[in-house]
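Nothing here was measured: the structure is a model prediction, and the numbers come from that model. Hydrogens, waters and symmetry mates are skipped; everything else that's a heavy atom, side chains included, is used.
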Amino acid sequence: MDNLTFEQAMKRLEDIVSQLEAGEAPLDKSMALFEEGTKLSAYLSNLLDTAEQKVTLVTEKDGEESEVPFDTQEGE
């Protein structure tokens with residue numbers, strides 16, 4: 001799963017949701033799909049968290065928190 005792009009993982013998750021919503025898969029297949037979907041959801045959440053951390057860093061200046069775009073950080 002680590003080799004999937006965000007878009008590929010999202011597409012697969014959408015496919016799984018469609019299959020589960022259709023309700024035509026047998027129970028064992030539905031359980032396997034649900035498990036895969038749960039893993040994909042966690043994977044996507046992690047990708048989004050990582051991207052957010054790269055885009056914005058929270059810094060403290062004069063006792064106040066402010067958001068600074070990632071590309072303006074020195075030494076990066």
Side-chain angles (χ1 to χ4, degrees):
M1 185 175 309
D2 289 337
N3 58 345
L4 293 177
T5 65
F6 180 86
E7 291 79 10
Q8 291 169 328
M10 184 62 91
K11 173 70 172 121
R12 177 62 185 144
L13 184 57
E14 289 171 353
D15 292 344
I16 289 171
V17 169
S18 293
Q19 290 179 48
L20 290 173
E21 286 179 341
E24 297 176 3
L27 181 59
D28 58 338
K29 175 73 172 172
S30 293
M31 293 300 294
L33 287 169
F34 181 79
E35 183 178 345
E36 183 183 355
T38 301
K39 289 178 182 177
L40 281 167
S41 178
Y43 175 70
L44 288 164
S45 179
N46 185 44
L47 287 178
L48 288 173
D49 288 345
T50 301
E52 182 178 5
Q53 290 171 5
K54 287 181 180 179
V55 171
T56 305
L57 296 175
V58 177
T59 60
E60 187 169 325
K61 183 177 180 180
D62 297 328
E64 294 183 27
E65 289 186 356
S66 62
E67 293 185 358
V68 178
F70 180 76
D71 63 350
T72 62
Q73 293 297 307
E74 296 178 357
E76 297 285 328

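Qualifying side chain to side chain donor-acceptor pair (under 3.5 Å) partners for Asn46, counting only residues two or more places apart in sequence or in other chains: none. Considering only residues two or more places apart in sequence or on other chains, Glu14 meets the salt bridge (Lys or Arg N to Asp or Glu O under 4.0 Å) condition with none of them. Residues passing the side chain to side chain contact (heavy atoms under 4.5 Å, CB included) test with Thr38, sequence neighbours excluded: Phe34.
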Could you tabulate the donor-acceptor pairs under 3.5 Å formed by side-chain atoms of residues 3-10, not counting sequence neighbours?
unit_1	atom_1	unit_2	atom_2	d
Thr5	OG1	Gln8	N	3.1
Thr5	OG1	Gln8	OE1	3.4
Gln8	OE1	Thr5	N	2.8

Throw together a table of side-chain donor-acceptor distances under 3.5 angstrom for residues 25-32, partners on residues two or more places apart or in other chains.
unit_1	atom_1	unit_2	atom_2	d
Ser30	OG	Ala25	O	3.4
Ser30	OG	Pro26	O	3.2

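Scanning all heavy atoms of the two residues, the minimum distance from Ile16 to Leu33 falls at CG2-O, 3.4 Å. The nearest pair of heavy atoms linking Leu13 to Leu40 is N-CD1, 3.9 Å.
Here salt bridge (charged side-chain N to carboxylate O under 4.0 Å, His left out) pairs that include residues 36-50, with residues two or more places apart or in two chains, are Arg12-Glu36, Glu35-Lys39.
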